[in-house]
There are 2 protein chains.
Amino acid sequence: MASRVEIHYCTQCRWLLRSAWMAQELLTTFEDEIGELTLRPGTGGIFEVHADGRRVWSRKEQGRFPDITELKQVVRDVIAPDRSLGHIDRASRSENSGGREKKDRSE
Amino acid sequence: MASRVEIHYCTQCRWLLRSAWMAQELLTTFEDEIGELTLRPGTGGIFEVHADGRRVWSRKEQGRFPDITELKQVVRDVIAPDRSLGHIDRASRSENSGGREKKDRSE
């Protein structure tokens with residue numbers, strides 16, 4: 001319960017709601033790993049997620065928002081690298097290998 | 001944008017959802033005052049809110065959850081004491097003086 005996750009979002013863009021939703025998803029999935037999840041209002045189109053001080057998502061850099069399974073994976077890679085996310089991981093593998101499994105089913 | 005608010009909630013009691021809702025209410029109302037709002041999972045029935053290091057609510061001590069207008073007032077008292085919360089403050093005054101205004105209308 002010691003990891004720290006931060007979601008830095010643009011208030012002008014009205015991204016509080018999606019950020020708060022992502023916060024709840026992360027706190028639920030990583031109930032035993034996350035010690036603090038901080039919502040940090042910002043400006044200028046910022047949307048960044050940090051896990052234990054490492055930036056795991058930047059909307060500016062990646063050009064888009066993560067989908068929620070993707071976000072869980074990049075956060076997991078930092079705060080609980082040995083942990084499997086179960087069907088989320090399987091769906092990604094299937095997708096990467098050209099499987100027919102639909103992304104929607106992975107959530 | 002420099003104040004720090006923290007909501008410490010019991011995961012066993014499943015208080016994440018209400019805490020995340022309160023977080024969104026506070027971040028919306030105090031958009032210019034709050035620099036960080038942290039959700040902190042805990043255990044043992046904890047529900048506490050801190051504003052700039054001062055405890056403004058303790059469910060153990062007060063014996064109940066705050067209603068949302070009450071929470072905004074106690075947070076305001078610490079992070080923006082000069083700021084009026086408009087109809088919320090008026091409704092409280094009316095209530096305290098035995099006025100007929102209903103609390104529900106203050107939200």
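So you know, we letter chains A, B, ... as the sequences are listed, proteins then strands, and number each from 1. Source: prediction; values computed, not measured.
- Hydrophobic clustering (side-chain heavy atoms under 4.5 Å, transitive across Ile, Leu, Val, Met, Phe, Trp, Tyr) groups Ile7(B) together with Ile68(B).
- Contact detail for Leu27(B) and Pro41(A): the closest heavy-atom pair is CD2-CG, 3.8 Å.
- Between Thr38(B) and Leu37(A) the shortest side-chain heavy-atom distance does not fall below 4.5 Å.
- Here the side chains of Leu17(B) and Gln24(A) are in contact, with some heavy-atom distance below 4.5 Å.
- The existence of a salt bridge linking Arg14(B) and Glu31(A) is excluded, since no basic side-chain nitrogen approaches an acidic carboxylate oxygen closer than 4.0 Å.
- Leu39(A) and Ile46(A) are not part of a single hydrophobic cluster, where members link through side-chain heavy atoms under 4.5 Å apart.
- Other residues, nucleotides and ligands contribute only 12 or fewer heavy atoms inside 6.0 Å of the CZ atom of Arg54(B).
- Note that the CG atom of Leu16(B) and the CD atom of Glu25(A) stand 10.0 Å from one another [nearest 0.5 Å].
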